[in-house]
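Each remark here refers to the structure printed beneath this line.
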Amino acid sequence: MTVSAFAELGLTERLLHALKDARYDTPTPIQSQAIPLLLEGADLLGIAQTGTGKTAAFTLPLLDNLEDDGVKAKPRSTRALILAPTRELALQISDSIKTYSRHMPISQTVVMGGVGHRPQIDALRRGVDILIATPGRLLDLINQRHVSLAECEYLIIDEADRMFDMGFIRDVRKIVAMLPNERQTLLFSATMPAEIARLAGEILYEPERVEIASKTVAVERIEQSVHHIEKAAKRDTLVKLLQAPDLSKVIVFTRTKRGADQVVKRLSRDGVDSDALHGNKSQNARQRALDKFRKGRLRVLVATDIAARGIDVDDISHVINYELPNEPESYVHRIGRTARAGAGGIAISFCDTSERKQLRSIEKLIKRPLTVVGDVPPEPAGQGEKKGKDAARQPNPHARKRNRRTRRAHKRAA
Ligand code: AMP
């Protein structure tokens with residue numbers, strides 16, 4: 001993807017120009033999901049941590065919308081308010097806005113505790129397009145009539161869970177009550193404690209929800225096992241595994257689109273409802289399958305590596321590698337989808353005799369062997385390697401080495 005990927009989200013030329021200056025090539029998942037919704041004026045509940053690109057996800061559409069509105073801020077008034085729990089975050093947001101709005105005539109100012117009132121009062125006198133504020137100082141300035149929120153049509157609350165931890169929620173409620181009802185409201189939080197869910201319910205109007213799982217999952221935290229089984233036994237093993245209720249949200253990976261379709265068909269014959277996600281399906285069909293899976297109405301999603309790229313679904317209980325990927329890195333990407341922020345997950349792989357080579361590459365990459373479940377059948381000599389016609393008839397120089405590995409694998413299983 002290139003900068004045009006940002007253009008596809010519907011952002012104005014001036015913002016695209018600024019993004020190019022900032023060398024942003026590709027929207028992050030939260031950006032590609034949230035920006036189109038926000039440009040349309042939806043309210044949004046964003047569950048995402050710092051580092052996901054959430055600041056650009058809310059500031060880019062805000063800038064676009066403000067420019068579209070084409071009105072000017074009135075004296076001692078603001079058109080948009082961004083609330084942040086700390087000064088550091090407020091300044092960081094202000095910096096981001098500076099970067100993205102460099103080709104736009106948009107004014108902004110920060111009001112926060114710990115610094116003198118006077119410069120902030122002066123900055124507000126003529127009115128600002130965007131006000132970034134910590135709650136306490138903002139309330140002070142409102143009470144002293146240095147600024148009014150009566151004309152403020154955009155409200156963004158960032159890091160709401162930290163606001164709550166720092167005891168600001170009452171102040172936030174007071175502030176929200178001063179805004180017009182006719183407004184766009186966004187609430188971002190890394191976690192969703194009951195108090196924040198309640199606040200979101202009170203202040204958001206039919207919100208869209210975008211949730212981005214943390215990407216900092218360590219492979220070590222994932223329980224990884226391998227079943228050495230023949231190709232023909234994979235289907236039965238999968239069905240048997242799926243009988244356990246703790247496999248509540250499962251992605252099954254295949255190497256090919258055809259393979260994915262076959263797994264879906266076979267599961268269906270065994271009474272297991274699943275859907276395939278791959279490049280031959282229309283965008284709509286993929287979106288439908290994904291939505292069902294995300295909402296928990298589909299328990300098993302069968303996917304190829306490429307189709308699964310960029311999917312963010314929380315609560316995936318198990319990843320099953322029905323076929324091992326050719327690239328060991330793909331294995332790491334696959335299994336990273338189970339396990340959420342900080343928590344462990346479970347990955348189960350099937351390995352037939354033709355896939356032993358892939359298994360070895362994976363174990364080399366992750367620097368540890370997978371836990372073997374059941375027996376390891378001996379590997380037929382010459383299997384799993386690309387062979388020319390002649391090579392098949394000649395003694396294979398690697399056969400001994402592989403048998404040694406197989407024995408070792410047997411020992412691990414015992
Ligand atoms: P945030 O999660 O908003 O704190 O952003 C984390 C960092 O990622 C910031 O330094 C941003 O400048 C940077 N960033 C955000 N979006 C992108 C993008 N699409 N491409 C490159 N960098 C980005």
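One-based numbering, in listed order, for ligands and for the atoms of each. Remember, it's a predicted structure, so these values are computed and weren't measured experimentally.
Ring planes of H103 and H17: parallel class, angle under 30° (limits at 30 and 60°).
The closest protein non-hydrogen atom to atom 11 (C) of ligand 1 is Y24 OH, 3.2 Å. Of the protein's non-hydrogen atoms, the one nearest atom 6 (C) of ligand 1 is G51 CA, 3.8 Å. The protein heavy atom nearest to atom 4 (O) of ligand 1 is T50 CG2, 3.5 Å. The closest protein non-hydrogen atom to atom 3 (O) of ligand 1 is T55 OG1, 2.6 Å.
Within a 4.0 Å radius of atom 22 (N) of ligand 1, the protein has at least one heavy atom. Counting only heavy atoms, the protein gets under 4.0 Å from atom 13 (C) of ligand 1. Note that atom 17 (C) of ligand 1 has protein non-hydrogen atoms nearby, at separations under 4.0 angstrom.
Per-residue contacts place K54 under 4.0 angstrom from the following atoms of ligand 1 (heavy atoms of the residue considered): 1 (P), 2 (O), 3 (O). Remark: ligand 1 atoms within the under-4.0 Å shell around heavy atoms of T26 are 18 (C), 19 (N), 20 (N).
Contacts between F6 and ligand 1 below 4.0 angstrom, taking non-hydrogen atoms only, involve the side chain exclusively.
Between G53 and ligand 1, an N or O atom pair is found at a separation short of 3.5 Å. Looking at Q31 next to ligand 1, an N or O pair under 3.5 Å apart turns up.
A heavy-atom distance below 4.5 Å is not found between the side chains of R266 and K234. Side-chain contact check for T52 versus P29: every heavy-atom pair is 4.5 Å or farther apart. Annotation: side chain of I169 is in contact with side chain of I196 (closest heavy-atom distance under 4.5 Å). Residues Y24 and T99 form no side-chain contact, since every pair of their non-hydrogen atoms from C-beta on lies 4.5 Å or further apart.
The side chain to side chain donor-acceptor pair (under 3.5 Å) test with Y154 singles out one residue from T185, D69, T78, and that residue is D69.
Between the side chains of Q262 and Y322, not a single donor N or O lies within less than 3.5 Å of an accepting N or O. If you check the side chains of N326 and Q358, you find a donor sitting under 3.5 Å from an acceptor.
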